[in-house]
A.B. asks: 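Okay, here's the structure, questions in a sec.
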Amino acid sequence: MSLPTVGFVSLGCPKALVDSERILTQLRAEGYGISASYEEADLVVVNTCGFIDEAVEESLEAIGEALAENGKVIVTGCLGAKTSEQGGSLVAQVHPKVLAVTGPHATAEVMQAIHQHLPKPHDPFMDLVPEQGIRLTPDHYAYLKISEGCNHRCSFCIIPSMRGDLVSRPVGEVMREAEALVKAGVKEILVVSQDTSAYGVDLKYRTDFVDGRPVRTRMTELVQELAKLDVWIRLHYVYPYPHVDEVLPLMAEGKVLPYLDVPFQHAHPDVLKRMKRPASGEKNLERIQRWREICPDLTIRSSFIAGFPGETDAEHQYLLDFLTEAQIDRLGCFVYSPVDGAGANALAGQLPDEVRQARQAEVMAHQAPISAMRQARWIGRRVRVLIDGVDSEDGCLIARTMGDAPDIDGIVRVRPDPNSRHSVTVETGQFCMADIVDSQDYDLEAVYVSS
Ligand code: SF4
């Protein structure tokens, strides 16, 4: 069997040459053949230059020649990033038959386009690994890590000293992983990081390429792209910065799950300052109110710390009052405990263990009726749920609504309708419609309606 073979035309400066070398290296590593002639190649990559008019002309001519001689052409390099006067890609406008266009430094994008139009040869070793990699979660949901590290220095946390400052993955790379997950059957993607709102800050929101389109490496743009995948998208670790408001309309339209995991940790501005929390100056109550105005179905999960060093009775009470107002749906409250190496250990006013414990119990008791009321809002609604499994004891389906993240939130127990002649025809990893008939503290009871 002959090898799938790629022809390569490399134009431009040494930086473009390095890009060409990277692509050629990757092609060889994946087992593609390389050809110096148009006839022997199954597809041609043209790495272009767009620096001066002459170079633009030369690159456009080279693309035209490759199209005429071979027909299957992928364009990369500086000219690929140039827009025409009408705003679209200049290359695509002059040569609409090219298969894909990317900018410079886009080895992964180019390889993705090559895989799409000229599948890579079978590799008996690599192909044992599924395209989406090896995952430890069930087949139907997956975590998508968009960055590593954190630029903040919360006084109770040592993550930045262990993992370093924020390093975001370019949006093209994140989207390729997300697309591979969906292709592998994943129905729910959980976006995780240390600080999802800060995504792309370290890259200065640099433009990357998603399916040949320029997209900025920034939270709103990433969420807009993920929304196109037509699976459940759930956002975790979102700090309440003003730009978070930009994703709420997508939630209201049902394109992204109306769910925000926002670790507030406290409500009193002085405690937040001592904690050195990101977005500590934001007016969180107003922000929550505005979010709910835009998206009334929004479920908010948050975590808090009780008994932080120096927390006064008044500050603790302020937190309880905040919870009454904020009506947070899902809440975790932790007793403050010093972590080796954390700055908060040196703060004045460390509280006795009994006080910290008592305050945590008080927060949880205060929140219990609020959570119960928020849960009860579901009763009487017909909702789409995702099935995680079957209860081995009573055979009912264990599922989740759009308001429940796996492992940390509640579940919905879905039973067949005793008055229906239709049987339940769904399996783990599928969606079904269910009528919510009852609620407990964290979980919901439902009756199966249809698949
Ligand atoms: S707690 Fe603060 S410092 Fe730690 S990872 Fe989160 S935002 Fe960063």
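Whatever order the structure lists them in is the order used to number ligands and atoms, beginning at 1. Numbers here simply count residues along the sequence, with the first being 1.
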A.B. asks: Has Arg400 got its NZ or CZ under 6.0 Å from the middle of the six-membered ring of Tyr141, at an angle within 45 degrees of the ring axis?
C.D. replies: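 Yes, a cation-pi geometry.
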
A.B. asks: Numbering the atoms of ligand 1 from 1, which are under 4.0 Å from a heavy atom of Pro160?
C.D. replies: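 By the 4.0 Å cutoff, the relevant atoms are 3 (S).
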
A.B. asks: Any idea which protein heavy atom is nearest atom 7 (S) of ligand 1, and the distance to it?
C.D. replies: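 Among all protein heavy atoms, the one nearest atom 7 (S) of ligand 1 is Tyr239 OH, 3.3 Å.
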
A.B. asks: Just which atoms of ligand 1 are under 4.0 Å from any heavy atom in Gln194?
C.D. replies: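 With Gln194 as reference, the close atoms of ligand 1 come out as 5 (S).
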
A.B. asks: Can you name the closest pair of heavy atoms from Tyr448 and Pro416 and give their distance?
C.D. replies: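 Nearest heavy atoms, Tyr448 then Pro416: CB-CA, 4.2 Å.
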
A.B. asks: Can you figure out which of Cys154, Ser161, Pro263 has its heavy atom closest to atom 3 (S) of ligand 1?
C.D. replies: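 It is Cys154 whose heavy atom sits nearest to atom 3 (S) of ligand 1.
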
A.B. asks: Hey, is CG on Asp394 packed in by over 12 heavy atoms from elsewhere, all under 6.0 Å?
C.D. replies: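 Check passes, neighbour count above 12.
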
A.B. asks: Counting backbone and side-chain atoms alike, does Cys150 have an N/O/S atom under 2.8 Å from atom 8 (Fe) of ligand 1?
C.D. replies: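 Checking Cys150: at least one N, O or S atom is under 2.8 Å.
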
A.B. asks: If you compare all heavy atoms of Met219 against all heavy atoms of Ser197, which two are closest, and at what distance to 0.1 Å?
C.D. replies: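 Closest approach of Met219 to Ser197: SD-CA, 3.7 Å.
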
A.B. asks: Take atom NZ in Lys82; do more than 12 heavy atoms of anything else shown fall under 6.0 Å from it?
C.D. replies: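 Correct, the count exceeds 12.
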
A.B. asks: Please state whether the rings of His152 and Tyr241 are parallel, tilted or perpendicular, taking 30° and 60° as the class boundaries.
C.D. replies: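 Aromatic pair His152/Tyr241 classed parallel.
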
A.B. asks: Do any of the N, O or S atoms of His152 sit under 2.8 Å from atom 4 (Fe) of ligand 1?
C.D. replies: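 False for His152.
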
A.B. asks: In this structure, does ligand 1 have an atom that sits under 4.0 Å from one of the heavy atoms of Arg277?
C.D. replies: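 In this structure, Arg277 qualifies as a contact of ligand 1 - some heavy atom is under 4.0 Å.
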
A.B. asks: What is the closest protein heavy atom to atom 4 (Fe) of ligand 1, and at what distance does it sit?
C.D. replies: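 Checked against all protein heavy atoms, atom 4 (Fe) of ligand 1 sits closest to Cys157 SG, 2.3 Å.
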
